[in-house]
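Note on naming: letters A, B, ... go to the chains in the order of the sequence lines (proteins, then strands), and numbering restarts at 1 for each one. What you see is a predicted model; the values in this text were computed from it and never measured.
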Amino acid sequence: MIDLALLRREPDAVKAALARRGVSSATMDAIIALDVEHRGLLQEAEGLRAEVKFLSRLVGEARRGKDLETAALLTEKSRVLGDEERQATEATERVGALLRDELLQVPNIPADEAPDGDDEKDNVEVRRWWVGMDDGLALPTYAEHQRVAHWDIGTELGILDMESGAKLAGSMFPLYRGDGARLLRALGSFALDRHRDAYEEIRPPSFALTETMMSTGHLPKSADDMYAIERDGLWAIPTAEVPLTSMHRGEILDEARLPIRLTAQTACFRREAGAAGRDTRGLLRVHEFDKVELFAYCTPEQAEAAHGDILGRAEGILQALGLTYRVLDLCTGDLGTSSARTIDLEVFSPGVDRWLEVSSVSWFRDFQARRANVRYRQGDGSTALVHTVNGSALAWARTWAAVVETHRQPDGSIRLPDVLRPYLGGQTTIGPKAS
RNA sequence: GGAGGGAUGACAGAGCGGCCGAAUGUACCGGUCUUGAAAACCGGCGUGGGCUUGCCCACCGUGGGUUCAAAUCCCACUCCCUCCGCCA
């Protein structure tokens, strides 16, 4: 949620910034009008309330003084005022709810550095990385044996079985098996261990309450994109960002503890409503995937460094796995609602010949913290909202696909990245399948 | 799933329906004293909102209700603790 006080103070600046991501100034004017109305009603209601309280006190005093006649008179007067107060409060709450609903629809103010643009076509490619680049080697070309889609490799080596997944849970629920399952496990363990030096590992619940989803902004906006367990009022988390953002919900953190850096690997559940049929083969887009998330609560001053650290770690994993990737600076039109600035990482997967998004590193400013009410106490004793930053390092389904396709050998086997060997009992290859 | 107990400020812990936003203790901050520290003493010390910046309003697990007036009474829910049952 954006800062209403800022909107009051500098309406033109806020409108100009939001116009960069397509929010009309009429929308903001409507919110400003609602705010004015709300505050007017609030004053009226609070004034009446103060009178009722005052009269009630007099009733008490009159009763103690045995002046029952005065007491009865005041009681009646207060009762009438109380009715008025109830109506005024009702009106205040109604307008307040309207104002809040409108405000929740407003996306975050984009960072100045975020490039202008309407949609993903306007994202700015910042750089690419590939194995050997630092030694002056050219962008790799890929041989025929690497031009095989992971779903075919998966079937050939018996390591990915989309059909069984579909049988169990419907399409787009992958089932990894054998060395494929082990590879997935190794990727997660490798990443979590790598982040251990600075990030506390968390294993949160995979479900969250409606209230929790609200505080992260996933509800009500993205209700259709999430799986719900209605009977228990729970939602399957679409990312570990949900539990991590809510861990300190409603708390005032000690400034000395910041930045608080957390990492978690969880399953991520996404209904992908509306995406049916598009880019859905194999692991390109699935309803459930594992992801290691990096997250930090920090002061505004620490935010930039924290964001950079997460990006660096995500890139570090891709480099360690020997994968080619590119770095995209998301334009204002493609930013997620809550984000002020986002850098995406896309890995190149030669078998399907496409760049696949495997990480999204975002800086939310105080947008998430305002809704989740996470603050910190500053040196002078005052409180301020924290900044939150997060990023994936990494989303494993697509990474798994890129690893398998990139490292496929002429004989059909997969050469495993060196860094994963400790997690695979020293194993160096998968397949070829013994016939 | 069953029975009982509980939820109040950073923590501990009081609170007859009526100057209770809340006693007291600890912690914390400032001061006096001291060479310094400790102790002692004095003062301060929740969060958010509104405006006419001094006042007003809200908040005692959550949501309803009763009342002129609710931390206090009633109802529902959530969570925690103890015991029983069940269980990977």
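Residues A/Glu293 and A/Lys291 are paired through a salt bridge, judged by an N-O separation under 4.0 Å between the basic side chain and the carboxylate. Using a cutoff of 4.0 Å between basic side-chain nitrogens and carboxylate oxygens, A/Arg185 and A/Asp290 are not scored as salt-bridged. Comment: A/Arg313 engages A/Asp197 in a salt bridge, judged by a side-chain N to carboxylate O separation of less than 4.0 angstrom. A/Glu156 and A/Arg408 are joined by a salt bridge, as a carboxylate oxygen and a charged side-chain nitrogen come within less than 4.0 angstrom of each other.
Remark: C1' of B/C11 and CD1 of A/Ile252 are 15 Å apart, rounded to the nearest angstrom. In this structure, the NE2 atom of A/His38 is 12 Å from the C1' atom of B/C57, given to the nearest Å. A/Leu209 has its CG atom 16 Å from the P atom of B/U62, to the nearest Å. Whole-Å rounding puts the A/Glu93 CD to B/G63 C1' distance at 13 Å. Here the P atom of nucleotide B/G48 and the CZ atom of A/Arg100 are 17 Å apart, to the nearest Å. In this structure, A/Arg249 atom CZ and B/G61 atom P are separated by 17 Å, rounded to whole Å.
If you check B/A70 for Watson-Crick or wobble pairing at under 3.5 angstrom, you find it has no partner at all. Under the Watson-Crick and G-U wobble criteria, each requiring two contacts below 3.5 Å, nucleotide B/C11 is paired to B/G25. Using the Watson-Crick or G-U wobble rule with both distances under 3.5 Å, B/C41 pairs with B/G31. Figure legend. B/A3 is base-paired to B/U82; pairs are counted as Watson-Crick or G-U wobble with both atom distances under 3.5 Å. For B/U52, there is no paired nucleotide, since no Watson-Crick or G-U wobble pair has both relevant distances below 3.5 Å. Shown here, B/A58 forms a base pair with B/U47; the pair counts as Watson-Crick or G-U wobble because both key distances fall under 3.5 Å. With both pairing distances under 3.5 Å, B/C19 is matched to nothing as a Watson-Crick or G-U wobble pair.
The same atom, P, is picked in B/G9 and in B/G2; the two are 30 Å apart, to the nearest Å. Between the C1' atoms of B/A3 and B/C11, the separation comes to 32 Å (whole Å). Here the separation of B/C45 from B/U62, taken at their C1' atoms, is 29 Å to the nearest Å. On the P atoms, B/A10 is 33 Å away from B/G1, given to the nearest whole Å.
A/Ile252 places none of its side-chain heavy atoms less than 4.5 Å from the side chain of A/Tyr376. Side-chain contact between A/Leu253 and A/Arg375: absent, with no pair of heavy atoms (C-beta onward) separated by less than 4.5 Å.
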N/O-N/O pairs, protein side and nucleotides 66-70 of chain B side, under 3.5 Å:
| unit_1 | atom_1 | unit_2 | atom_2 | d |
| --- | --- | --- | --- | --- |
| B/C68 | OP1 | A/Arg79 | NH1 | 3.0 |
| B/C68 | O4' | A/Thr75 | O | 3.4 |
| B/C68 | O2' | A/Ser56 | OG | 3.1 |
| B/C68 | O2' | A/Ser78 | OG | 2.3 |
| B/C68 | N4 | A/Arg63 | NH1 | 3.2 |
| B/A69 | O4' | A/Ser56 | OG | 2.9 |

Within the sub-3.5 Å range, which N or O atoms of nucleotides 49-52 of chain B have a protein N or O partner, and how far apart are they?
| unit_1 | atom_1 | unit_2 | atom_2 | d |
| --- | --- | --- | --- | --- |
| B/G49 | N2 | A/Glu46 | OE1 | 3.3 |
| B/G50 | OP1 | A/Arg8 | NH1 | 2.7 |
| B/G50 | OP1 | A/Arg8 | NH2 | 3.1 |
| B/C51 | OP1 | A/Arg39 | NH1 | 2.5 |

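A/His248 and A/Tyr297 have perpendicular rings, their planes meeting at more than 60° on a 0 to 90° scale where under 30° would count as parallel.
Using a 4.0 Å heavy-atom criterion, one finds that A/Lys53 contacts the sugar-phosphate atoms exclusively.
Taking the six-membered ring for Trp and the full ring otherwise, the centers of A/Trp400 and A/Phe289 sit at least 6.0 Å from each other.
Each of A/Ala50 and A/Arg375 was assigned the nucleotide of RNA chain B with the nearest heavy atom; the assignment lying further toward the 5' end belongs to A/Arg375.
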If you apply the rule side chain to side chain contact (heavy atoms under 4.5 Å, CB included), what do you find for A/Val23 with A/Met28, and how did you get there?
CA-CA 8 Å; A/Val23 178; A/Met28 300 316 291; 3.8 Å; yes

